[in-house]
Amino acid sequence: DGEKFTELPDFPVRPVLCDDSLSALPADFQRHIVARYIKAGVPLLDANSGFEPATFDDEVFARWKPILKGPWRFGFDEVTEGDAVARVFKMLKDVSPRRKQVYTMIGHEPFEVCMARIQKVIDSGGEPYAQPMIQLNALTKEPKVRYDWTAHKLKQVQRWVNRRVWRVAPFSDYDGSIKTKRAA
């Protein structure tokens, strides 16, 4: 995340392309990447870490659509990104839900706000992927517990989302210790 980019014009063309935000790259360099994939005949199966909702527009979608065979990954890290995320979902309306994978940061906003973002992804026809907020300078990969969260609740929400339990049970019915719905 920043304003300076390190462009590697001779990158190895592989089925998985890793970048922090492909849509934030200059358009001419995005075209260069796409052209390299087309010329090499290598299928782009995963553009990981994906696209940034604020910079994802119709041109970016049209540019990457011919080569991206895997999921369209983007983030919904905070409630202020709601309008941009809604715009991305409109552009991806004809893409299957399994191919709309949305990183949903949890723990850096209150519980209800994070859960509302997760539900918005589900209601919009996407698949959320929950990631607890870990500070960039953390010495261990332990989430920072803030607001009304606990370390246990962060793990429970992450499991409920990432194991796709939301398809069969609301979080209020989730019991992570048995991985099923709670008995009524």
Hey, does [Y] have a side-chain heavy atom less than 4.5 Å from the side chain of [X]?
X      : Y      : result
Trp160 : Met115 : yes
Val157 : Tyr174 : no
Val85  : Lys120 : no
Pro128 : Ile122 : yes

In Å, rounded to the nearest 0.5 Å, how long is the span from [atom1] of [X] to [atom2] of [Y]?
X      : Y      : atom1 : atom2 : result
Glu52  : Leu25  : CD    : CG    : 11.5 Å
Ser124 : Lys90  : OG    : NZ    : 10.0 Å
Glu78  : His108 : CD    : NE2   : 5.0 Å
Asp77  : Arg117 : CG    : CZ    : 7.0 Å
Glu59  : Trp64  : CD    : CH2   : 14.5 Å
Asn162 : Thr104 : CG    : OG1   : 7.5 Å

Tell me which pairs pass side-chain hydrogen bond (donor to acceptor under 3.5 Å, both in side chains) where either residue lies in residues 132-141, with sequence neighbours left out.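 Passing the test, one end in residues 132-141: no pairs.
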Taking [Y] as the starting point, is it possible to reach [X] by hopping between hydrophobic residues whose side chains are less than 4.5 Å apart?
X      : Y      : result
Leu68  : Ile38  : yes
Leu8   : Ile67  : yes
Tyr103 : Trp149 : no
Ile134 : Val145 : no
Tyr129 : Phe74  : no

**Message:** Can you tell me if Asp123 has over 12 outside heavy atoms packed within less than 6.0 Å of its CG?
**Reply:** yes
Stacked cation flag Lys153 on Phe111, 6.0 angstrom / 45 deg: yes
Quick one: closest heavy-atom pair of [X] and [Y], and the distance?
X      : Y      : answer
Val60  : Ser23  : CG1-CB, 3.7 Å
Val88  : Pro53  : CG2-CA, 3.9 Å
Ser21  : Phe51  : OG-C, 4.1 Å
Ala130 : Val161 : N-CG1, 3.6 Å
Leu22  : Ala47  : CD1-CB, 3.5 Å
Pro132 : Leu154 : CB-CD2, 4.3 Å

Yes or no on side-chain contact (heavy atoms from CB on, under 4.5 Å) for Leu17 and Tyr37, after CA distance, side-chain angles and deciding distance?
CA-CA 10 Å; Leu17 175 62; Tyr37 272 88; 3.5 Å; yes
Notebook entry, point to check: Quick one: ring pair (Phe, Tyr, Trp, His ring centres under 6.0 Å) partners of Phe29, sequence neighbours excluded?
Noted result: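 His32.
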With sequence neighbours excluded, residues passing salt bridge (charged side-chain N to carboxylate O under 4.0 Å, His left out) with [X]:
X      : value
Asp19  : none
Glu127 : Arg98, Arg164, Arg167
Arg73  : Asp46

### Task
Taking side chain to side chain contact (heavy atoms under 4.5 Å, CB included) as the test, write out the residues that go with Ala27, two or more places apart.
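With sequence neighbours excluded, Ala27 shows a side chain to side chain contact (heavy atoms under 4.5 Å, CB included) to Arg31, Arg63, given in chain and number order.
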* **Under 3.5 Å: donor-acceptor pair, side chain of Lys100, backbone of Val95** =>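 Side chain of Lys100 to backbone of Val95, a donor-acceptor pair under 3.5 Å: yes, one is there.
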message = So does Met133 get a backbone contact from the side chain of Arg146, meaning a donor-acceptor N/O pair under 3.5 Å?
response = no
*asked:* Under the criterion side-chain contact (heavy atoms from CB on, under 4.5 Å), I'd like the reasoning laid out for Val121 against Trp166: C-alpha separation, chi angles, the key distance, then a yes or no.
replied: CA-CA 12 Å; Val121 169; Trp166 51 266; over 6 Å; no
*asked:* Can you classify the ring geometry of Phe56 versus Trp72 as parallel (below 30°), tilted (30 to 60°) or perpendicular (above 60°)?
replied: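 Ring orientation of Phe56 relative to Trp72: perpendicular.
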